[in-house]
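All residue numbers in this chain count up from 1 along the given sequence. Order of appearance sets the numbers: ligands from 1, and atoms from 1 within every ligand. Values reported hereafter were calculated over all heavy atoms of this structure, with side chains retained and with hydrogens, waters and symmetry mates removed. Here the structure is a predicted model, which means the values were calculated and not measured.
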Amino acid sequence: MKKKFSESQITPENVFWNRRKFIQNFALAGASASYFATLPVGATSQDLSGDGLKDELSSEYVITHHNNFYEFSTSKKKPAEMAKDFKPGKDWKVAITGEIDKPGTYTLEDILRWGQVEERIYRFRCVEGWSMVIPWSGFELNAIINKVKPNSKAKYLEFKTLYDPKVFPGQKRGVFGMHTLPWPYTEGLTIEEAAHPLTLMATGVYGKDLPGQNGAPLRLVVPWKYGFKSIKSIVSIHFTDKKPVSTWTDRLPNEYGFYANVNPEVDHPRWSQATERRITDESFFGVKKIPTLMFNGYSDDVAYLYKGLDLRKNF
Ligand SMILES: Nc1nc2c(c(=O)[nH]1)N[C@H]1C(S)=C(S)[C@@H](COP(=O)(O)O)O[C@H]1N2
Ligand SMILES: [Mo]
């Protein structure tokens, strides 16, 4: 049964999602170029009924006020306030380069014509041990891949966040001339992971444009991987035959690997990954501690990508 998925329905009380059926996409009625997060009126989304895993949505407040965005601050509370004036528009530019037939610098307005914005409710699991359930708006990264036409040398995609210390004070040198992280923030995926239908380029949350603190105007969401893979405020996508070095892997290679698949059986060297604290409302960490699921609960959809790979070594 398909249900209308209007903004008013997206409330913590009544929205649940169906793990088995959510991968189905439904045609958007009269989809016009809808900028950012807004679904065209009358759009349908994934089937929300049924007997799938029923996870309560995290509130809009916690999703937008408990952030990891080190370009602003290492504090989880500060990005919401610090990002107040960071409101990029549809002239935001993304350089798409490398082993593709159609390289170029494209505006967000261009890119939004290639894919269809839809709602996707995903679990989101940070490597630190907290998680949320987030109603994203976005389009499949695969829409970009299809448009720019990778050649046979394109084995990986490398993404970069905007480097601009005027916007992001966290990118300035710290007290001892040290950066918190090597900037710009960089992430990577295999082309198979990038083309997977679950892999989203998010443009919104709770039916609204993505706030600055959540990675406006365009960020990656890879729901079966730890949150640090989901790079924010993307300005470049490079197709390459070389495995990209992720920022956190560069910083601490023994703790954060390239794959970063959610895996309750492979502990972080400094803590267990068997459970997580589900952040649902403003009590933040006061609430549930629940078991972490293999591939964050998306095994049926993604396990085949890692057949034959030793997940302990390739963490
Ligand atoms: N550019 C950039 N992207 C980033 C980060 C960051 O610090 N900078 N933090 C990552 C981490 S560790 C997590 S858990 C998620 C947090 O996303 P959220 O703030 O929207 O919940 O963003 C990821 N993407
Ligand atoms: Mo994270």
- Query: Mind checking whether Phe69 and Arg219 have side chains closer than 4.5 Å, heavy atoms only?
  - Reply: no

- Item | For Asn67, atoms of ligand 1 separated by under 4.0 Å from a heavy atom | 18 (P), 19 (O), 20 (O)

- Between Trp248 and ligand 1, which residue portion shows a heavy-atom distance shorter than 4.0 Å: side chain, backbone, both, or neither? neither

- What are the atoms of ligand 1, with element, lying closer than 4.0 Å to any heavy atom of Ser230? 22 (O), 23 (C), 24 (N)

- Between Trp136 and ligand 1, does any nitrogen or oxygen pair lie at a separation below 3.5 Å? no

- Query: Which is it for Phe228 and ligand 1 at heavy atoms under 4.0 Å: side chain, backbone, both or neither?
  - Reply: both

- Item | Lys208 and Glu60 ion-paired at < 4.0 Å | yes

- Protein contact of atom 5 (C) of ligand 1 - nearest heavy atom, named by residue and atom, plus distance: Asn68 O, 3.5 Å

- Counting heavy atoms only, which of Arg219, Glu71, Lys160, His66 is nearest atom 8 (N) of ligand 1? Glu71

- Side-chain donor/acceptor of Tyr298 to backbone N/O of Leu198, under 3.5 Å: no

- Message: Within ligand 1, which atoms have a heavy atom of Tyr70 less than 4.0 Å away?
- Response: 6 (C), 7 (O)

- Item | Main-chain N/O of Ile63 paired with Asn214 side-chain donor or acceptor, under 3.5 Å | yes

- To atom 19 (O) of ligand 1, the nearest of Lys229, Lys232, Arg125 on a heavy-atom basis is Lys232

- Task: Go through ligand 1 atom by atom and flag the ones less than 4.0 Å from a non-hydrogen atom of Cys126.
- Result: 14 (S)

Indicate every side-chain donor-acceptor pair of residues 92-104 with a distance under 3.5 Å to a residue at least two apart or in another chain.
residue: Trp92; atom: NE1; partner: Ile234; partner atom: O; Å: 2.8
residue: Thr97; atom: OG1; partner: His238; partner atom: ND1; Å: 2.7
residue: Glu99; atom: OE1; partner: Asn151; partner atom: ND2; Å: 3.0

- Taking Asp267 for the side chain and Gln273 for the main chain, is one N or O donor matched with an acceptor at less than 3.5 Å? yes

- Item | Sidechain N-carboxylate O distance under 4.0 Å for Arg120, Glu140 | yes

- Message: Does this structure show an ion pair linking Glu56 with Arg278, if we count only N-O contacts that are shorter than 4.0 Å?
- Response: no

- Answer side chain, backbone, both or neither: which part of Thr161 comes under 4.0 Å from ligand 1, heavy atoms only. side chain

- Can you tell me the protein heavy atom closest to atom 6 (C) of ligand 1 and the distance? Tyr185 CE1, 3.5 Å

